[in-house]
Amino acid sequence: MTTPLEQAAMILPQTLREPLLAGFSDAEELHLRAGRPFTAAGEEGTERPVLRCGRPILLTGAELRMTLELATRASYHAAEHKLCAGFLPLRGGHRLGITGTADVRSGALHGYQTLSSLCLRIAHPIQNMGEETARQIFTQKTPLSALILSPPGRGKTTLLRELVRLASDRYGFRVGLADERGELAALWNGVPQFNVGERTDVMDGCPKAAALQVLLRTMNPQLLAADEITAPEDIAALSAAANCGVPVLATAHGSSLDELRRRPLYRKLLEEGIFRQVVLITRDQSGRHYEVRSVEDG
Amino acid sequence: MVKLAGAIFVLTGSWLVSVQKVAQERRHIRQLNGLSAGLEAMRRQLLLCAAPMEELLLSAERCGGDRISGFFQAISLSELEKKPFAVQWDSAAEAAELLLTEEERRTLSEAGQVLGQAGLEEQCACLQAAAEALRTRAKERAQNLAQNRRLWYTLSASAGLLAVVTLL
């Protein structure tokens with residue numbers, strides 16, 4: 001059985017992979033920077049150098065290019081637009097991000113002239129975290145629309161993925177998933193690298209508004225899901241879905257409903273009555289907590 | 001009788017040398033055209049759908065004879081870790097025993113340095129340049145062959161005759 005770290009490390013040249021696997025088992029992020037040491041970070045985020053024969057491994061530009069060649073299977077051109085949009089999804093749901101000397105055209109990032117850093121984020125699938133929330137949202141034959149709300153870094157995307165999986169596998173709903181940034185399902189050759197359920201159709205790499213419309217028209221979803229509502233077009237698409245009678249699961253940055261109501265974009269979202277419920281994610285010393293509230297109750 | 005047989009043998013031998021030279025030149029031209037067509041097919045696939053390298057190589061394989069197919073088939077992406085793409089590309093050209101001059105080999109090798117590492121536009125431009133260079137070389141060689149074929153036949157026949165006269 002291959003561990004997530006072993007799977008992710010397959011894109012590294014052997015000279016880097018072996019010392020990494022020998023010295024680290026809990027790495028969640030790998031950092032490769034040209035001319036600097038190869039480091040790995042665990043859950044706490046602190047980077048430690050990967051050692052070979054007791055010494056840090058100083059990386060060269062050639063090793064970074066080799067890593068990118070392995071990650072893209074010598075098809076940088078096919079991965080270029082994804083890398084420019086943020087990161088390259090890899091098999092297993094891992095992600096490779098790059099920075100370097102940018103090639104900017106018409107004010108937009110077009111590509112990279114040289115590589116400076118690579119960051120490999122290792123995916124660790126988390127399951128069975130949203131069961132109680134799912135029980136509250138999917139109580140009826142038709143699920144209720146719900147907005148997952150929390151400040152950044154509290155696990156909105158993870159909770160949404162879990163709710164989609166449960167809606168699909170446990171409650172039997174056909175789910176349409178608009179995965180604009182490839183973070184929810186992480187499609188790799190069309191196959192979701194995260195478990196999003198057997199009845200889930202994924203549309204990735206395209207703006208949410210367009211993806212939601214395609215899913216609505218073509219896949220006859222019983223539930224639609226999208227991550228991070230940020231633009232008026234997203235709200236228009238959610239509104240269209242709601243008008244067609246399809247409930248929606250979505251996420252938004254915010255710490256409370258009151259805060260959301262103060263922001264014009266989200267105020268409109270709430271006024272249109274698309275969402276009946278809000279899932280608030282809070283965190284304290286004992287961990288994350290999920291609280292389902294009715295929008296009317298606040 | 002022995003002299004006559006010897007004369008025929010020498011004349012046939014010298015004629016065969018020129019035939020072989022012409023056949024080799026034709027093979028060389030076919031290979032250049034095959035390589036050029038293969039690179040052009042890769043470029044078309046790139047422009048069409050930014051296809052990954054596996055698909056680019058597959059489309060190129062269909063464009064030439066056995067040696068050209070062999071060249072593109074010899075590149076194995078599962079071996080990337082042991083041999084980077086550019087190294088595999090050069091090794092494949094060696095292994096396929098292509099009849100290329102140093103200059104033609106360099107043109108092919110330069111394409112291999114860019115493939116898989118650059119963005120879409122750069123790769124398309126590089127493939128186009130390499131395909132055009134090889135096609136131009138093939139045209140030049142075909143023109144040379146048309147002009148010089150008779151000369152080679154005449155020279156080899158003359159050399160054979162001279163050898164026969166000298167020996168007799």
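Residue numbers begin at 1 in each chain, while the letters A, B, ... track the order of the sequences.
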**Q** For A:H81, which atoms come within 4.5 Å of any heavy atom of chain B: side chain, backbone, both, or neither?
**A** neither
**Q** What residues of residues 29-41 of chain B sit under 4.5 Å from chain A when only non-hydrogen atoms are counted?
**A**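 Hits under 4.5 Å: none found.
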**Q** What residue, out of A:A74, A:P13, A:A78, has the most heavy-atom pairs lying under 4.5 Å from chain B?
**A**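 That would be A:A74.
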**Q** Strictly by modelled atom types, are A:E80 and A:H110 linked by a side-chain donor-acceptor pair under 3.5 Å?
**A** no
**Q** Using heavy-atom distances under 4.5 Å, tell me whether A:R73 contacts chain B through its side chain, its backbone, both, or neither.
**A**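 Its backbone and side chain both get close to chain B.
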**Q** If you count every heavy atom of other residues, nucleotides or ligands that lies below 6.0 Å from B:Q20 atom CD, does the total exceed 12?
**A**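 No, CD of B:Q20 has 12 or fewer neighbouring heavy atoms, counting only those of other groups under 6.0 Å.
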**Q** After noting the C-alpha distance and the side-chain angles of A:R52 and A:E18, does the key distance pass the salt bridge (charged side-chain N to carboxylate O under 4.0 Å, His left out) rule?
**A** CA-CA 9 Å; A:R52 184 168 52 204; A:E18 283 176 356; over 6 Å; no
**Q** Check this for me: A:E198, atom CD, are more than 12 non-hydrogen atoms of other residues, nucleotides or ligands nearer than 6.0 Å?
**A** no
**Q** Measuring heavy-atom distances to chain B, does A:L68 have an atom under 4.5 Å in its side chain, in its backbone, in both, or in neither?
**A** neither
**Q** Please flag which part of B:E81 lies under 4.5 Å from any non-hydrogen atom of chain A: side chain, backbone, both or neither.
**A** both
**Q** Counting only heavy atoms not in A:R199, do more than 12 fall under 6.0 Å of its CZ?
**A** yes
**Q** Using 0.5 Å steps for rounding, measure from the CD atom of B:E94 to the CG atom of B:L100.
**A** 9.5 Å
**Q** With a 4.5 angstrom heavy-atom cut-off, could you sort out which part of A:E69 is near chain B: side chain, backbone, both or neither?
**A**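 Answer is both: backbone and side chain atoms of A:E69 are under 4.5 Å from chain B.
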**Q** Using modelled atom types and a 3.5 Å cut-off, is there a donor and acceptor pairing between side-chain atoms of A:R17 and backbone atoms of A:A9?
**A** yes
**Q** Looking just at side-chain N and O atoms, do A:T101 and A:T114 make a donor-acceptor pair shorter than 3.5 Å?
**A**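 Judged by distance alone, the side chains do pair up.
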**Q** Does A:R105, at its CZ atom, have more than 12 non-hydrogen atoms belonging to other residues, nucleotides or ligands within less than 6.0 Å?
**A**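 More than 12 heavy atoms, drawn from other residues, nucleotides or ligands, come within 6.0 Å of this atom.
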